[in-house]
Amino acid sequence: MHEMSLALSIIDLAVEHLHREGGSRVSEVEIEVGSLAGVMADSLEFCLEAAARSTPVEDAEFRLIPVMARGDCAFCRRGFDVDSYFAVCPGCGEPGLAVSGGRELKVRALTIED
Amino acid sequence: MCDSCDCGGHGNLYSVGKPGAAVIPPERSARKIQVEADVLAKNEAVSDRNRAWFLKNGILALNLVSSPGSGKTTLLERTIRDLSDRITMAVIEGDQQTSRDAERIGATGVEVVQVNTGAGCHLDGAMVHRAMHQLNLVADSILFIENVGNLVCPAMFDLGEAAKVVIISVTEGEDKPEKYPQMFAAASLCLINKIDLLPHLDFDVAACREFAGQVNPELEFIELSAKTGEGMEGWYNWLMGRAGR
């Protein structure tokens, strides 16, 4: 359930930027979630709604944007999306891929209303 | 001049009409701002400060992570008793409730502070920072941070440690690394504990190491029993090596 503390951090970030920019409320929050970030999207959404209560982010829409990790096969040189630590190459079936990215958890953008 | 529609300004909307007449409210305008902010950045900033302080003072900080019941506290009790004449050690005990583990560790004579996370499932950098203030940490020592028993959440939260040590006991399934890859990917060392029980169990040590190696080819392994002492020398050598002794 680390999603609750992540949700609280996301709401804090949104409120901080709202105050810095000036505005009355946040109507949309875009969040990038890496495929290997260890975050359950459903659980995060549930926690965001709870964490936003009684804040200027309360009625915001939370858009979770999946960001896929990339696997590169050393044997057949194929590149593809990866969502597991145990992925094998879909081309030649080799395990042991070079995996990059997919660990991000970022607030990408906010929509602020005056 | 109005910025958005070149109409010459909306200011007069407010001045028309008699006093008391309805005023037309301005339209709500919304704007989108790019933030690009890492959600864990705050924790990482605090943890980086912890790490810098540990480095400056020659303190080897280790984040011990495992499922509940892997034998972390027993492992620490024995480690402290066996190494106390070679190096100074201190312990931060993380648990949701109770100070039972801190009392067990305190009985060995080292500095210990209990952090209760309440509903929280992991320690974070700020909790460790506060605990550091409560301990009398000395230079050239080891600080063991016993995280909350949980193989999921603590993987994401840096505490400022030099390394994560994941402990798995042979009474668990050998497929733990496959089920909880995040933790095994983040760790530097895997201790396989309670090997004195292997004759009575079906735990496949080679398979466990293979699963973990797939997630993290750099992961080191030490097989030991904190109860009988078998294999503990390998762990002590690893510790003293990391501590620069």
Side-chain angles (χ1 to χ4, degrees), chain A residues 1-18 20-34 36-40 43-44 48 51 60-61 63 69 83-88 95-99 102-114, chain B residues 3-4 25-46 65 96 117-127 147-148 150-158 175-187 210-217 219:
Chain A
M1 270 305 280
H2 56 297
E3 280 81 3
M4 193 63 208
S5 51
L6 298 174
L8 288 165
S9 297
I10 291 169
I11 301 301
D12 279 351
L13 270 173
V15 171
E16 218 170 87
H17 278 83
L18 175 72
R20 200 180 303 160
E21 295 284 325
S24 67
R25 60 180 282 261
V26 175
S27 58
E28 189 181 69
V29 185
E30 286 181 11
I31 303 157
E32 288 180 15
V33 184
L36 299 179
V39 176
M40 290 270 300
S43 169
L44 182 61
L48 280 166
E61 187 187 332
R63 280 189 54 213
D83 63 357
S84 147
Y85 281 97
F86 297 95
V88 295
L97 311 162
V99 175
R103 311 273 172 104
E104 49 274 269
L105 180 65
K106 265 166 62 177
V107 176
R108 182 197 278 180
L110 298 174
T111 305
I112 287 176
E113 292 192 3
D114 288 330
Chain B
D3 285 337
S4 50
E27 262 184 46
R28 276 206 153 179
S29 68
R31 62 207 141 92
K32 187 167 174 172
I33 57 163
Q34 295 301 312
V35 174
E36 301 292 343
D38 193 325
V39 175
L40 290 170
K42 259 191 198 156
N43 183 61
E44 261 141 46
V46 175
V65 290
Q96 285 198 316
T117 57
C121 48
H122 58 270
L123 294 174
D124 63 29
M127 291 179 201
N147 218 315
V148 178
N150 176 346
L151 270 183
V152 184
C153 313
M156 278 192 89
F157 294 84
D158 183 16
D175 57 355
K176 274 267 165 86
E178 197 178 13
K179 289 178 172 163
Y180 303 96
Q182 214 85 26
M183 189 60 91
F184 289 83
E210 198 189 320
F211 285 134
Q214 280 175 37
V215 182
N216 180 355
L219 188 63

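What you see below is based on every heavy atom in this structure, not just the backbone, and it leaves out hydrogens, waters and symmetry mates. Throughout, protein chains are lettered first and strands after them, A, B, ... in sequence-line order, and every chain is numbered starting at 1.
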Give the minimum heavy-atom separation between [X] and [Y], together with the two atoms involved.
| X | Y | value |
| --- | --- | --- |
| B:Ala185 | A:Tyr85 | CB-CE2, 3.7 Å |
| A:Ser5 | B:His122 | OG-CE1, 3.1 Å |
| B:Gln182 | A:Ala37 | NE2-C, 3.6 Å |
| A:Phe86 | B:Gln214 | CD2-OE1, 3.2 Å |

[atom1]/[X] to [atom2]/[Y] distance, rounded to the nearest 0.5 angstrom?
| X | Y | atom1 | atom2 | value |
| --- | --- | --- | --- | --- |
| B:Lys32 | A:Ile112 | NZ | CD1 | 12.0 Å |
| B:Leu40 | A:Leu105 | CG | CG | 6.0 Å |
| A:His2 | B:Asp124 | NE2 | CG | 13.0 Å |

**Prompt:** Is the number of heavy atoms from other residues, nucleotides or ligands under 6.0 Å of A:Glu16 CD greater than 12?
**Reply:** yes
**Message:** For B:Phe157, which atoms come within 4.5 Å of any heavy atom of chain A: side chain, backbone, both, or neither?
**Reply:** side chain
**Prompt:** Side chains of A:Leu6 and B:Met156: does their closest heavy-atom pair fall under 4.5 Å?
**Reply:**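 Counting from C-beta outward, A:Leu6 and B:Met156 do come under 4.5 Å.
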Heavy-atom distances under 4.5 Å only: say whether [X] touches chain B with side chain, backbone, both or neither.
| X | answer |
| --- | --- |
| A:Glu30 | side chain |
| A:Leu13 | side chain |
| A:Val99 | neither |

